[in-house]
Amino acid sequence: MATNGYEGGLMMIEELTTNAQQIQDEELGEILSRNAGTEYLRGFLHGQTEKQLFKKNVPIVTYEDLKPYIDRIANGETSDILVAEPVTGFYLSSGTSGGQPKLIPVTAEYLKKGPLVGTFSESPTMRHFGDINQAGKRMELMFARPEIETPSGLKAAIFSTSMYSESKFRTNLPKLYTSPIETIFCPDPNQGLYYEVVKVGSLFASTVLRGIKFLENHWQELCYDIKTGRLSDWITDSGCRNAASLILKPNPEQADLIESICNYKSWEGIIRKLWTKARYIGCICTGAMRQYTTELEFYCRGLPLVSAFYACSETFCGLNLEPLCKPCDISYTLLPNMAYFEFLPVKNERDESFEMKSNDEDTELVDLVNVKVGQCYELVVSTCAGLYRYKVGDVLMVSGFYNKAPQFQFLERKNVILSVDHEKTSETDLFKAVTEAKALLDPLGFILTEYTSYVDTSSAPGHYVLFWEIKGKEGKHCKELDPKIMVECCSRMEESLHYTYKIYRKRSIIAALEIRVVKQGSFEALMDYFVSRGTSFSQYKKPNCIKSEEALKLLDSRVMGKYFSPKSPL
Ligand code: AMP
């Protein structure tokens with residue numbers, strides 16, 4: 001039977017999900033037969049490849065456990081200490097280790113999975129919206145980030161940058177997308193955004209919002225440029241200028257139309273009004289991106305938000321088979337041919353009966369097809385590129401099954417308390433930065449007594465806000481605090497945060513960090529609030545990140561001063 005692209009993709013999904021167990025066993029068999037002889041696995045398997053031995057002997061690990069092996073490869077040792085196939089490069093994960101991005105090994109076998117994903121990842125969406133490749137172009141906001149080189153000369157780049165560098169992507173770009181390649185690789189994301197359709201989207205919801213905010217600030221200028229066919233002077237990147245000059249021709253009618261739409265008082269539904277043929281907005285809307293969906297829904301009023309897939313640098317994970325469902329109901333179906341997936345049961349706040357073993361080693365990992373609906377799990381993957389029983393750090397909840405493959409809702413990233421975009425800041429990262437910054441107060445006779453934080457996304461880009469309660473030593477009052485010192489504390493915090501934060505700050509993906517100094521007794525009032533809501537007094541733990549609107553209002557009503565970091569830390 002002849003099938004077009006997406007029908008073929010749908011058939012493939014049927015086949016994969018129906019035979020999930022068998023495909024998972026084959027996946028693991030392949031990983032072990034190739035890699036059982038590596039230095040790492042030899043220590044646990046002694047050259048054997050049985051699944052039972054793998055389950056019994058190979059430990060559950062985090063990046064930190066594999067880091068010494070990965071670093072050795074990055075420093076020039078042969079790959080086969082970890083993976084039999086040569087490592088050809090690394091993906092830079094947005095997760096960090098010791099302040100540096102994690103390096104995820106990439107091999108030829110790993111890269112073979114890419115085109116496979118390409119063939120079916122959009123199939124469920126196209127089932128609803130038709131083959132958009134045939135209908136028009138995509139206005140996607142895409143930004144490449146600079147590559148780095150390891151001491152052994154291997155390249156490390158974030159996943160999307162590697163994708164934009166591929167020759168197939170570059171060949172298809174003019175046919176499928178509105179953006180020229182020069183804007184994607186432009187080092188200044190604002191100049192890249194100058195550009196402007198059947199699909200509007202980006203990888204993440206936060207980027208689509210950034211695009212809209214950019215338009216809000218620049219639409220008059222853009223309309224003028226379209227009217228006159230002249231490019232704004234601040235577009236100085238030569239690649240961007242040249243590419244734009246090829247497209248930009250004087251078009252007063254189009255400029256007038258855009259101007260009249262942007263001139264509306266309310267920007268509700270602006271995306272739909274500007275791109276009248278857009279069928280949907282495509283971007284990840286779950287996990288850390290959930291905080292942006294309400295605002296995005298306002299701008300796209302009526303156009304569906306489609307969060308099509310769930311993936312990480314370690315492996316592609318799953319697809320959303322119901323692209324039209326609401327962001328809060330999205331589930332991803334894990335694809336059994338991407339990696340060998342196991343699941344570490346974790347306590348679901350709603351499940352009182354669940355008893356967690358004292359450490360992960362004592363908790364049995366569950367196979368993909370054996371997970372239970374309603375139960376929460378941490379995702380553990382083994383891949384063909386040298387990760388074995390590796391905890392990705394994501395917590396998922398099983399929402400159902402599609403054929404034999406489970407479907408998961410993304411619950412949270414473990415140990416991440418702050419995230420504006422794709423960066424992940426843990427309690428430890430925050431504690432370290434606060435410790436560095438508060439050292440500035442000490443010699444001046446002030447002590448930081450309490451702190452907490454939250455991500456403020458009320459303006460774009462979002463930024464980190466720290467609430468600080470400060471006490472003066474020896475009768476000093478914090479009103480005597482020099483504002484310059486507080487500004488310096490903001491800077492010091494930013495300098496002390498991890499690499500991904502600093503890069504995002506430099507690229508204006510995150511706005512300046514803010515410290516709000518609150519009155520004495522604010523944190524006591526915060527505790528009273530939580531106790532009044534049912535938290536036991538003796539078990540109260542001050543949250544390091546505020547999630548409740550009420551608690552936020554309480555602290556905000558006690559703010560005495562607001563201070564911002566004056567410059568990017570890089
Ligand atoms: P990275 O390794 O930098 O590519 O980041 C991958 C991480 O981004 C995943 O482990 C998740 O925490 C998060 N992520 C990716 N896709 C989704 C999604 N669809 N929903 C929620 N979080 C996601």
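Counting starts at 1 for both ligands and their atoms, in listed order.
- At the top of the distance list for atom 4 (O) of ligand 1, counting protein heavy atoms only, stands Ser313 OG, 3.2 Å.
- The side chain to side chain contact (heavy atoms under 4.5 Å, CB included) test with Val87 is passed by exactly one of Ile73, Ile70, Thr150: Ile73.
- Under the 4.5 Å side-chain criterion, counting only non-hydrogen atoms from C-beta, Leu334 is in contact with Phe343.
- Nearest to atom 12 (O) of ligand 1 among the protein's heavy atoms is Asp394 OD1, 2.7 Å.
- Both the backbone and the side chain of Tyr310 come within contact range of ligand 1, each with a heavy atom under 4.0 Å.
- Heavy-atom contacts of Ser93 reach the following atoms of ligand 1: 2 (O), 3 (O) (cutoff under 4.0 Å).
- Within ligand 1, counting atoms from 1 as listed, the ones closer than 4.0 Å to a heavy atom of Lys424 are 5 (O), 7 (C).
- Neither the backbone nor the side chain of Ile104 has any atom closer than 4.0 Å to an atom of ligand 1 (non-hydrogen atoms only).
- Residue contacts with ligand 1, taken as heavy atom pairs separated by less than 4.0 Å, involve Phe309 solely via the backbone atoms N, CA, C and O.
- In this structure, a donor-acceptor pair under 3.5 Å is absent between the side chains of Asp429 and Tyr501.
- In this model, no donor atom of one side chain and acceptor atom of the other lie less than 3.5 Å apart for Asn415 and Ser426.
- Ion pairing of Glu109 with Lys112 is present here, as a side-chain N (NZ or NE/NH1/NH2) and a carboxylate O approach within less than 4.0 Å.
- The cationic atom of Arg505 (NZ for Lys, CZ for Arg) does not lie both less than 6.0 Å from the six-membered ring centre of Tyr464 and within 45° of the ring axis.
- The part of Ala311 lying near ligand 1 is the backbone, judged by heavy-atom distances below 4.0 Å.
- Judged by distance alone, with hydrogens and angles left aside, the side-chain atoms of Asp65 form a donor-acceptor pair with the main-chain N or O of Thr62 at under 3.5 Å.
- Every atom of ligand 1 with a heavy atom of Gly287 under 4.0 Å away is listed here by number and element: 21 (C).
- At least one heavy atom of Tyr332 sits closer than 4.0 Å to an atom of ligand 1.
- Checked against a 6.0 Å centroid threshold, the rings of Phe169 and Tyr177 count as neighbours.
- Side-chain atoms of Gln407 and Ser331 include no donor-acceptor pair closer than 3.5 Å.
- Under 3.5 Å, the side chains of Tyr340 and Asp367 contain a donor-acceptor pair of N or O atoms.
- Every heavy atom of Phe159 sits 4.0 Å or more from the atoms of ligand 1.
- Remark: the Ser307 side chain and the Tyr332 side chain contain an N/O donor-acceptor pair separated by less than 3.5 Å.
- Contact annotation: for His422 versus ligand 1, heavy atoms closer than 4.0 Å belong to the side chain alone.
- Under a 4.0 Å criterion applied to the non-hydrogen atoms of Arg413, ligand 1 contributes the atoms 9 (C), 10 (O), 12 (O).
- Contact between Lys102 and ligand 1 is absent, with no heavy atom of the residue lying under 4.0 Å from the ligand.
- At a heavy-atom distance under 4.0 Å, atoms from both the backbone and the side chain of Thr286 approach ligand 1.
- Contact atoms of ligand 1 toward Val392: 10 (O) (distance under 4.0 Å to a heavy atom of the residue).
- Among all non-hydrogen protein atoms, the one lying nearest atom 6 (C) of ligand 1 is Cys312 CB, 3.4 Å.
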